[in-house]
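Keep in mind that what you see is a predicted model, and the values were worked out from it rather than measured. Numbers here are sequence positions counted from 1. We use all heavy atoms of the structure for the numbers below, so side chains are in, but hydrogens, waters and symmetry mates are not.
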Amino acid sequence: FYSLEANKSTCCISISNEKQKSRASIILFRGRILCCVYGRRGMPYHSYGADAFHSALIDLGNPLTQVTAHALSEGLALAASSVFLGEKKEHKPTQELGNFVQLMQEHICRMKQPGCIVFKDVQMQTHCILYLCNGEVAGLYSFQVGWIKKKVQQHLVRFVAKEQHLMAEAFVLQVSSLESLYD
């Protein structure tokens with residue numbers, strides 16, 4: 001953690017313990033904690049922020065806990081944090097999925113703020129996440145395929161057309177400007 005802070009790293013730290021069925025994710029932005037989420041079997045809901053970080057630190061004291069760090073671009077880190085810190089807009093069942101996605105993508109890009117669109121099924125299992133930052137696509141992740149690196153927009157259009165049964169949620173990180181966040 002000291003090295004990540006000193007090097008001003010931007011990454012996601014995944015912490016998991018199979019025995020106690022707990023998981024945490026910490027997003028670092030330029031060496032500082034941007035957000036944290038923690039969950040454990042038996043907890044009625046996930047915890048966020050300082051409470052989540054405290055629980056994750058307790059788990060780190062257990063020798064069975066596994067820790068993995070994944071490097072992230074700054075745009076991807078900011079977009080991912082919008083799920084935990086951002087304003088949420090839900091897709092209404094009466095609205096066509098493609099229409100909602102197009103409107104939300106245009107809205108987030110026009111605002112040039114970090115955000116993402118999460119695609120879920122009726123069991124609330126996530127299938128795909130579109131990450132947006134600074135008016136551009138920061139990434140597209142499919143839980144079936146992995147990271148989509150080429151022809152992202154075309155893949156997204158095909159995915160939405162094929163998966164009309166899914167619901168979507170859009171999240172926008174409300175910041176006055178990206179420069180204020182970078183500072």
Side-chain angles (χ1 to χ4, degrees), residues 10-16 23-29 34-39 45-49 52 68-179 181-182:
T10 298
C11 62
C12 177
I13 300 171
S14 299
I15 301 168
S16 64
R23 292 187 310 192
S25 289
I26 302 169
I27 296 179
L28 294 182
F29 180 76
L34 190 56
C35 60
C36 182
V37 60
Y38 178 85
Y45 53 88
H46 286 84
S47 61
Y48 300 92
T68 309
H70 307 276
L72 298 176
S73 68
E74 290 185 351
L76 190 56
L78 293 172
S81 71
S82 71
V83 173
F84 309 110
L85 303 171
E87 178 185 322
K88 178 179 172 181
K89 296 185 187 287
E90 291 188 22
H91 168 225
K92 294 178 178 49
T94 57
Q95 187 177 19
E96 190 224 347
L97 180 63
N99 187 31
F100 175 81
V101 171
Q102 181 181 359
L103 289 172
M104 288 295 98
Q105 185 176 357
E106 288 172 0
H107 172 72
I108 295 168
C109 287
R110 186 174 52 253
M111 292 174 53
K112 294 196 177 207
Q113 294 184 326
C116 63
I117 301 172
V118 179
F119 299 88
K120 296 180 178 184
D121 61 26
V122 291
Q123 286 86 26
M124 300 307 285
Q125 296 295 315
T126 303
H127 288 255
C128 188
I129 305 175
L130 174 65
Y131 298 95
L132 305 158
C133 187
N134 214 13
E136 298 177 352
V137 173
L140 178 64
Y141 185 80
S142 164
F143 285 81
Q144 185 178 34
V145 179
W147 286 104
I148 310 299
K149 300 197 188 274
K150 296 180 181 175
K151 300 181 181 178
V152 172
Q153 199 62 40
Q154 292 171 343
H155 190 281
L156 179 65
V157 169
R158 279 194 313 266
F159 174 81
V160 170
K162 186 176 107 181
E163 305 290 347
Q164 283 292 313
H165 64 283
L166 295 179
M167 298 298 290
E169 298 171 327
F171 300 88
V172 181
L173 187 60
Q174 300 291 331
V175 292
S176 57
S177 71
L178 287 179
E179 289 75 28
L181 199 63
Y182 293 136

Asks: Would you tell me whether H127 and D121 have side-chain atoms, one donor and one acceptor, within less than 3.5 Å of each other?
Replies: yes
Asks: Rounded at 0.5 Å granularity, tell me how far CG in L156 sits from CD1 in I117.
Replies: 7.5 Å
Asks: Supply the atom-to-atom distance C11 SG to L72 CG, rounded to the nearest 0.5 angstrom.
Replies: 6.5 Å
Asks: Hey, are the side chains of C109 and E136 touching, using non-hydrogen atoms and a 4.5 Å cut-off?
Replies: no
Asks: Any sub-3.5 Å donor-acceptor pair from T126's side-chain atoms to C128's backbone N or O?
Replies: no
Asks: Please examine the side chains of M167 and P93, heavy atoms only from C-beta on, and report whether any two atoms are closer than 4.5 Å.
Replies: yes
Asks: Does K151 reach the side chain of H155, with side-chain heavy atoms less than 4.5 Å apart?
Replies: no
Asks: Could you check whether Q102 and E96, counting side-chain N and O atoms only, form a donor-acceptor pair closer than 3.5 Å?
Replies: no
Asks: Measure up the Y48 and F84 rings against each other and bin them: parallel (under 30°), tilted (30 to 60°), perpendicular (over 60°).
Replies: tilted
Asks: Is there a side-chain contact between C116 and L132, using heavy atoms and a 4.5 Å cut-off?
Replies: no
Asks: Run the side chain to side chain contact (heavy atoms under 4.5 Å, CB included) test on L85 and F171 for me, step by step, so that the C-alpha distance in whole Å, both residues' side-chain angles and the decisive distance to 0.1 Å come before the verdict.
Replies: CA-CA 9 Å; L85 303 171; F171 300 88; over 6 Å; no
Asks: Can we say E169 and K89 salt-bridge, meaning some charged N sits less than 4.0 Å from an Asp/Glu carboxylate O?
Replies: no
Asks: For F159, give me all partners under ring-ring contact (aromatic ring centres under 6.0 Å, His included), at least two apart in sequence or on another chain.
Replies: F119
Asks: With heavy-atom distances below 4.5 Å as the criterion, would you say the side chains of L78 and L34 are in contact?
Replies: yes
Asks: Once you round to the nearest 0.5 Å, how far does SG of C35 lie from CD1 of I27?
Replies: 4.0 Å
Asks: State, yes or no, whether a side-chain contact exists between Q105 and V137 at a heavy-atom distance under 4.5 Å.
Replies: yes
Asks: If you round to the nearest 0.5 Å, how far is CG of N134 from CD of Q113?
Replies: 10.5 Å
Asks: Answer yes or no: is there an ion pair linking K88 with E90, defined by an N-O contact shorter than 4.0 Å?
Replies: yes
Asks: State whether the number of non-hydrogen atoms from other residues, nucleotides or ligands found under 6.0 Å of E106 atom CD is greater than 12.
Replies: yes
Asks: Determine yes or no for a side-chain-to-main-chain donor-acceptor pair under 3.5 angstrom, with H91 supplying the side chain and Q95 the backbone.
Replies: yes
Asks: Mind checking whether E74 and F29 have side chains closer than 4.5 Å, heavy atoms only?
Replies: yes
Asks: First locate atom CD1 of I26, then atom CD1 of I15, and finally report the distance between them rounded to the nearest 0.5 Å.
Replies: 4.0 Å
Asks: Can you tell me how far CD1 of I13 sits from OG1 of T68, rounded to the nearest 0.5 angstrom?
Replies: 10.0 Å
